[in-house]
Amino acid sequence: TSLSGLGAVTHAGSLHVAQNLSLSDFSGLAEMSIADTLDLEDANSRTPTLGYFRSVTSLEQLSIAGGFPDLEGLHNLERATHVEIDGPVGTLDGLRSLSSATSLVLNGTWVTDLSGLDELVLDPSGSLSLDNNPILKNLIGLSPRTTALGDLELIGNQTLSGLTGLEALTSLSGTLRVEANDSLVSLAGLSSLESVNVLWVDDNSYLTTLDLAALTHVEADFHFFDNSQLPTCDILTLYALTGGYPMVIGNNKPPATCP
């Protein structure tokens, strides 16, 4: 039910805690510093608090999965190479000291925006993946100092209506993938984006406008499919400016709907 017997342990390379159905307390880890990986999976209705990881300031891998309602115990974490939060976390305020990461994955969380990540600057070759977050409405909270990324992935965020919060982003050396966001109406938050390697926009049923005013270059795939409210002629206008190969355009709104 607890890890109190580990109270004398002050240093660890990695810590993995998973599938401990009766665990309700991490208090035995209050003084432990962890150098490499912190991997916590809660399969427990009692949901242990994360309030005992105050000595953790830097990690290679942070992975949190399960029923943790917040990340408050990680408030001293400043650097992490890879961060993955998977499960119904309702706020990111516990990551308020995090200033540096290469990749960030939020999957199945209950956050409404990215508040709490104001200090975070992602690596220019890194990635941001936001998948299946059912009440995510916008991307406000991401530091404006993140101006370049490798990959940006937005998939299955049911209430995401706009991309406000990405206005500082100017280039993606990898893939921009926007897929199955049922409430998304515009890509206007990417209005400063100038170049991307792969552009992939699929199955966004309410997407009506692109608003990619600065985009002039797509290096590889240019893919727009199953965006039923997005006029095909607007897609073709963008393609004329950016290029990209192969080009795949299909099942979008018919060209006749354009002025």
Notebook entry, point to check: To the nearest 0.5 Å, what is the distance between CG (Asp86) and CD1 (Ile64)?
Noted result: 10.5 Å
Notebook entry, point to check: Does Glu72 pair with Arg96 as a salt bridge, N-O distance under 4.0 Å?
Noted result: yes
Next item on the list: Determine, step by step, whether His75 and Ser97 satisfy the side chain to side chain donor-acceptor pair (under 3.5 Å) criterion, reporting the C-alpha distance in whole Å, the side-chain angles of both residues, the deciding distance to 0.1 Å, and the verdict.
Entry: CA-CA 6 Å; His75 60 274; Ser97 297; over 6 Å; no
Next item on the list: May I have the step-by-step check of side chain to side chain contact (heavy atoms under 4.5 Å, CB included) for Leu139 and Thr164, ending in yes or no?
Entry: CA-CA 6 Å; Leu139 308 182; Thr164 304; over 6 Å; no
Next item on the list: Tell me, yes or no, whether the heavy-atom count around Phe225 atom CZ, taken from other residues, nucleotides or ligands under 6.0 Å, exceeds 12.
Entry: yes
Notebook entry, point to check: Looking only at heavy atoms, what is the nearest atom pair of Ser173 and Pro124, with distance?
Noted result: OG-O, 4.4 Å
Margin query: Measuring only between side-chain heavy atoms, which start at C-beta, is Thr242 closer than 4.5 Å to Leu199?
Written below: no
Next item on the list: Report yes or no: does Tyr239 contribute a side-chain atom to a donor-acceptor pair with the main-chain N or O of Gly244 at less than 3.5 Å?
Entry: yes
Notebook entry, point to check: Can you tell me if Asn252 uses its side chain to pair, donor with acceptor, with the backbone of Gly250 under 3.5 Å?
Noted result: yes
Next item on the list: Could you walk me through whether Val248 and His223 pass side chain to side chain contact (heavy atoms under 4.5 Å, CB included), step by step?
Entry: CA-CA 5 Å; Val248 177; His223 188 111; 3.6 Å; yes
Note to self: Let's go through Ser115 and Asp113 carefully: what are the C-alpha distance in whole Å and the side-chain angles of both, what is the deciding distance for side chain to side chain donor-acceptor pair (under 3.5 Å) to 0.1 Å, and is it a yes or a no?
What the structure shows: CA-CA 6 Å; Ser115 297; Asp113 57 28; 2.9 Å; yes
Item checked: Thr37 side chain reached by Leu59 side chain, heavy atoms, under 4.5 Å -> no
Checklist line | Over all atoms of both residues, closest heavy-atom pair of Thr232 and Ile249 | finding: CG2-CG2, 4.2 Å
Notebook entry, point to check: Is Leu176 close to Asn197 at the side-chain level, that is, under 4.5 Å between some pair of heavy atoms?
Noted result: no
Check: Between OG of Ser103 and CG of Leu122, what distance do you get to the nearest 0.5 Å?
Finding: 8.0 Å
Check: Side chains of Val83 and Leu98: does their closest heavy-atom pair fall under 4.5 Å?
Finding: yes
Note to self: Less than 4.5 Å apart, side chain to side chain, heavy atoms only: is that true for Asp202 and Asp226?
What the structure shows: no
Notebook entry, point to check: Do the non-hydrogen side-chain atoms of Phe224 and Asp234 ever get within less than 4.5 Å of each other?
Noted result: no
Note to self: Would you compute the distance between atom CD1 of Ile140 and atom CG of Leu163 and round it to the nearest 0.5 angstrom?
What the structure shows: 11.5 Å
Next item on the list: Would you mind reporting whether Leu62 and Leu74 have side-chain heavy atoms less than 4.5 Å apart?
Entry: yes
Margin query: Could you go through Ile85 and Val105, starting from their C-alpha distance and side-chain angles, then the distance that decides it, and tell me whether this counts as side chain to side chain contact (heavy atoms under 4.5 Å, CB included)?
Written below: CA-CA 6 Å; Ile85 311 299; Val105 176; over 6 Å; no
Taking distance alone, no hydrogens or angles, what donor-acceptor pairs closer than 3.5 Å link side-chain atoms of residues 179-189 to residues at least two apart or in another chain?
from, atom 1, to, atom 2, distance (Å)
Glu179, OE1, Arg177, NE, 2.8
Glu179, OE1, Arg177, NH2, 3.0
Asn181, OD1, Asn157, N, 3.0
Asn181, OD1, Asn157, ND2, 3.2
Asn181, ND2, Leu154, O, 3.0
Asn181, ND2, Glu179, O, 3.2
Asn181, ND2, Asn204, OD1, 3.3
Ser183, OG, Gln158, O, 2.6
Ser186, OG, Ala188, N, 3.0
Ser186, OG, Thr209, OG1, 3.4
Ser186, OG, Asp211, OD2, 2.7

Margin query: So which atom in Ser205 and which in Gln229 form the shortest heavy-atom distance, rounded to 0.1 Å?
Written below: O-CG, 3.1 Å
Notebook entry, point to check: For Arg79 and Leu77, which heavy atoms make the closest approach, and how far apart are they?
Noted result: O-CD1, 3.4 Å
Item checked: Linked, directly or transitively: Leu40 and Val111 (ILVMFWY side chains, under 4.5 Å) -> yes
Next item on the list: Can you see which heavy atom on Leu38 is nearest to which on Phe53, and at what distance?
Entry: CD1-CE2, 3.8 Å
Check: Strictly by modelled atom types, are Glu219 and His217 linked by a side-chain donor-acceptor pair under 3.5 Å?
Finding: yes
Notebook entry, point to check: When rounded to the nearest 0.5 angstrom, what is the spacing between OG in Ser143 and CD in Glu119?
Noted result: 7.0 Å
Item checked: Validation row: Asp151, Leu128 side chains within 4.5 angstrom (heavy atoms) -> no
Notebook entry, point to check: Would a distance-only check, ignoring hydrogens and angles, find a side-chain to backbone donor-acceptor pair under 3.5 Å from Asn251 to Ser228?
Noted result: no
Margin query: How close do Trp110 and Pro134 get, counting heavy atoms only, and between which atoms?
Written below: CD1-CG, 4.0 Å
Check: Does Leu106 offer a backbone N or O that forms a donor-acceptor pair with the side chain of Asn133 under 3.5 Å?
Finding: yes
Notebook entry, point to check: Given Leu149, which of Asp123, Thr170, Leu172, Thr175 fulfils the side-chain contact (heavy atoms from CB on, under 4.5 Å) condition?
Noted result: Leu172
Notebook entry, point to check: Step by step, would you call Leu238 with Leu212 a side chain to side chain contact (heavy atoms under 4.5 Å, CB included)?
Noted result: CA-CA 8 Å; Leu238 179 65; Leu212 296 172; 3.9 Å; yes
Check: Nearest 0.5 Å, what's the CG-CG distance between Leu241 and Leu236?
Finding: 11.5 Å
Check: To the nearest 0.5 Å, how far apart are CD in Glu153 and CG in Asn107?
Finding: 9.0 Å
Margin query: Please check this pair: side chain of Thr112 against backbone of Lys137, looking for a donor-acceptor N/O pair closer than 3.5 Å.
Written below: no
Notebook entry, point to check: Within the side chain of Thr159, is there an N or O that forms a donor-acceptor pair under 3.5 Å with the backbone of Leu136?
Noted result: yes
